[in-house]
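Here is the naming used below: chain letters follow the sequence lines, and residue numbers restart at 1 for every chain.
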Number of protein chains: 2
Amino acid sequence: MRDRPKIKDIAERAGVSAATVSRALADSALVTAETRQRVLDLARELNYRPNVSARNLRTRKSMSVLLVVRDVGNPFYLDILKGVEATAREAGYSVLMGNTENDPARETEYFNMLRDGHADGMILMTGKLPPAGGWSHLPVVVALEMIEGSGLPHVQVDNIAAARGAVEHLIALGHRRIAHISGPVPEPMSVRRREGYRLAMREAGLAIPDGYELRGDFLLESGEQCCRSLFALAEPPTALFVANDEMAYGTVHELRRMGRDVPGDVSVVGFDDLYLSKAFYPALTTVSQPRAEIGRTAMTLLLTILSGGSVRWAEPLVLPTVLNIRGSTAPPRS
Amino acid sequence: MRDRPKIKDIAERAGVSAATVSRALADSALVTAETRQRVLDLARELNYRPNVSARNLRTRKSMSVLLVVRDVGNPFYLDILKGVEATAREAGYSVLMGNTENDPARETEYFNMLRDGHADGMILMTGKLPPAGGWSHLPVVVALEMIEGSGLPHVQVDNIAAARGAVEHLIALGHRRIAHISGPVPEPMSVRRREGYRLAMREAGLAIPDGYELRGDFLLESGEQCCRSLFALAEPPTALFVANDEMAYGTVHELRRMGRDVPGDVSVVGFDDLYLSKAFYPALTTVSQPRAEIGRTAMTLLLTILSGGSVRWAEPLVLPTVLNIRGSTAPPRS
DNA sequence: GTGAAAGCGCTAACAA
DNA sequence: TTGTTAGCGCTTTCAC
């Protein structure tokens, strides 16, 4: 940062004004090819790079976006981050990481960073808006989650249909006693996946016995716990639809500890298709979300908003899911 | 960003100068308690937040740091990111994500971002410096990897000792035919882990037969491939020391496909202790690095450098590792 | 096509 | 303790 050449230095050597240098560097049509070339050569020679703070102050932009998640430590977000990063970088934007850990103060803080000019836009994956309100006209795209009535553009998958498809797969295999370990209802995503489960069961005319719907928190340990509860029942299930892969790993782990074979004794379906689910044993049958594409799409949407002014989206953008059928599901033991 | 109150607005209403407001907001001792309170109240009332671009330009700081990795999609970095983010945030810094994908142009680009004032410092986890040189006086901390002769401060673990300990565990179990799947040598980290393997073998008077040292690339598939090569040998190994968990998952996967039991037929030790390694089947014996602490330490070091001026570190900062012995290792079949 | 001049919002040196 | 002044480096009118 010290002794860096500035526009003025180039201007002096090129024998032009600072304004002309600025224009040449910006590829403006208001400069002769010759002047531009002279400036460009000099810039390279001096190893000139514009000072971003000065430019940001002047242009009232930061050329960076905030990516806000509940937990940066969660592997689920990786591919989304990757998609966002790639798309952002192509457009000349940097990605600032935001991590709320469900703390309302931090959630508000990231919105304030938008106002401060820290970032030009935000991709929000927390599913929550700060209490104060008045945020809906900010350049924010909600991804993965659903913030009802916010008026913000959304990029997501159809959690109800995807969950339903997963349960229908179990039913098609012949399972009748199917339990569900949900995420932290009443959050919309968890409610929707549970809704898909209920729909599939009802369609098939299957009852959901007491104790067959358990509430988890998306973490490994809660998968283990819920699994213990389920298999303490008088009539335990023969199949599990688990609201995410991480809890599904927990259930498989726990089932193994209890001496039950997967999929021989119990079938398990997860949701997310984490990177390692195919290397898991047994390879996990799970719903795959197009995570990288969710990231790319959300960032593309944000870029549109940032360039074209405010946009309103009546309908959420829904990306397709795929049920990956692997080794953790099989017909029930006759 | 539009119609935001600025310092001048507060100054006018408070009947003081902009400088006084700035001082009050900065908690300077040069303001009477009364004036400060008046300014603070007004700031809250107007919902004032300083414009960061203006402040950055003036102070020549950005209050953000760059975290540069080879692949943002790699789950290995998650806990490090988490540690960095937490420490950075406590100190008022934001974290910008950098992703090089081993592209030299991008590696250079992130160094340039430092010069541009995009970030004040950088935590580098790529193990590489741009070709041009002259970077060693920049506020950069190297974490995880080793850049020899760079003169930059390092935060790392003792890969040689850790690898050696892992192999000694296999030897103690009674294994004699132990193979190694390395990372992408000749990168220092991979070389060091291989070195630990060789040391342990030599100490125990064990030969390393031809074909027992294979080069992987840290990805799942290369674990599978190397595993196939190893078990096509006339005398295949009874134990594997694999340079990271991801490849270790691949080997276990492949062994299972070949009908060999882990740890009954073959023992496998990994390196990293990824979050899911304990839920893996069999639970993976692996070397655990204190990833979150590596992140925290690196960021703390960077903060020291950023506040205290330049610091030179003769010795790398070495954090301890632990060998987690789980279900993937056992004595060889008599 | 180019230059002069203004100013983005803030902080810090200097004066009072 | 406070105000005045200058300026961080850039972009963008406006005038020529």
Distance (rounded to the nearest 0.5 Å) between B/Lys128 NZ and B/Glu107 CD: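 The CD atom of B/Glu107 is 4.5 Å from NZ of B/Lys128, to the nearest 0.5 Å.
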
For A/Thr108, side chain to side chain donor-acceptor pair (under 3.5 Å) partners two or more places apart: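 A/Thr108: no side chain to side chain donor-acceptor pair (under 3.5 Å) contacts found.
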
Residue pairs, two or more places apart or on separate chains, that pass salt bridge (Lys or Arg N to Asp or Glu O under 4.0 Å) and touch residues 66-77 of chain B: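 Passing the test, one end in residues 66-77 of chain B: A/Lys82-B/Asp71, B/Arg70-B/Glu145, B/Arg70-B/Glu187.
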
Start and end of chain B contact along DNA chain C [non-hydrogen atoms, under 4.0 Å]: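 Contact span on the strand: C/dG9 to C/dA13.
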
Side chain to side chain contact (heavy atoms under 4.5 Å, CB included) partners for B/Ala24, two or more places apart: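 Residues passing side chain to side chain contact (heavy atoms under 4.5 Å, CB included) with B/Ala24: B/Val31, B/Arg36, B/Val39.
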
Side-chain donor-acceptor pair present, B/Thr35, B/Thr32, cut-off under 3.5 Å: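 Side-chain D/A pair, B/Thr35 to B/Thr32: present.
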
Polar side chain donor-acceptor pair, B/Asp120 to B/Ser62, under 3.5 angstrom: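 A donor-acceptor contact under 3.5 Å links the two side chains.
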
Stretch residues 9-45 of chain A: residues that reach within less than 4.0 Å of DNA chain D through a heavy atom: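 Per residue number, the list reads A/Ala19, A/Ser22, A/Arg23.
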
Separation of atom CE in A/Met63 from atom C1' in D/dC10, rounded to whole Å: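 After rounding, the reported distance stands at 15 Å.
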
For atom CZ of A/Arg58 and atom C1' of D/dG9, their distance in whole Å: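 Taking atom C1' of D/dG9 as the reference, CZ of A/Arg58 is at 11 Å.
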
B/Arg55 side chain near D/dC8 phosphate (N/O to OP1/OP2, under 4.0 Å):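 It does not, given that no N or O in the side chain of B/Arg55 lies less than 4.0 Å from OP1 or OP2 of D/dC8.
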
D/dC10 phosphate, OP1 or OP2, under 4.0 Å from A/Tyr48 side-chain N/O: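 The answer is yes; a side-chain N or O of A/Tyr48 sits under 4.0 Å from OP1 or OP2.
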
Step-by-step side chain to side chain donor-acceptor pair (under 3.5 Å) determination, A/Asn47 to A/Glu45: CA-CA 5 Å; A/Asn47 202 5; A/Glu45 186 189 324; over 6 Å; no

ring-ring contact (aromatic ring centres under 6.0 Å, His included): pairs with one or both residues in residues 67-112 of chain B, sequence neighbours excluded: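 Qualifying pairs: B/Phe111-B/Trp135.
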
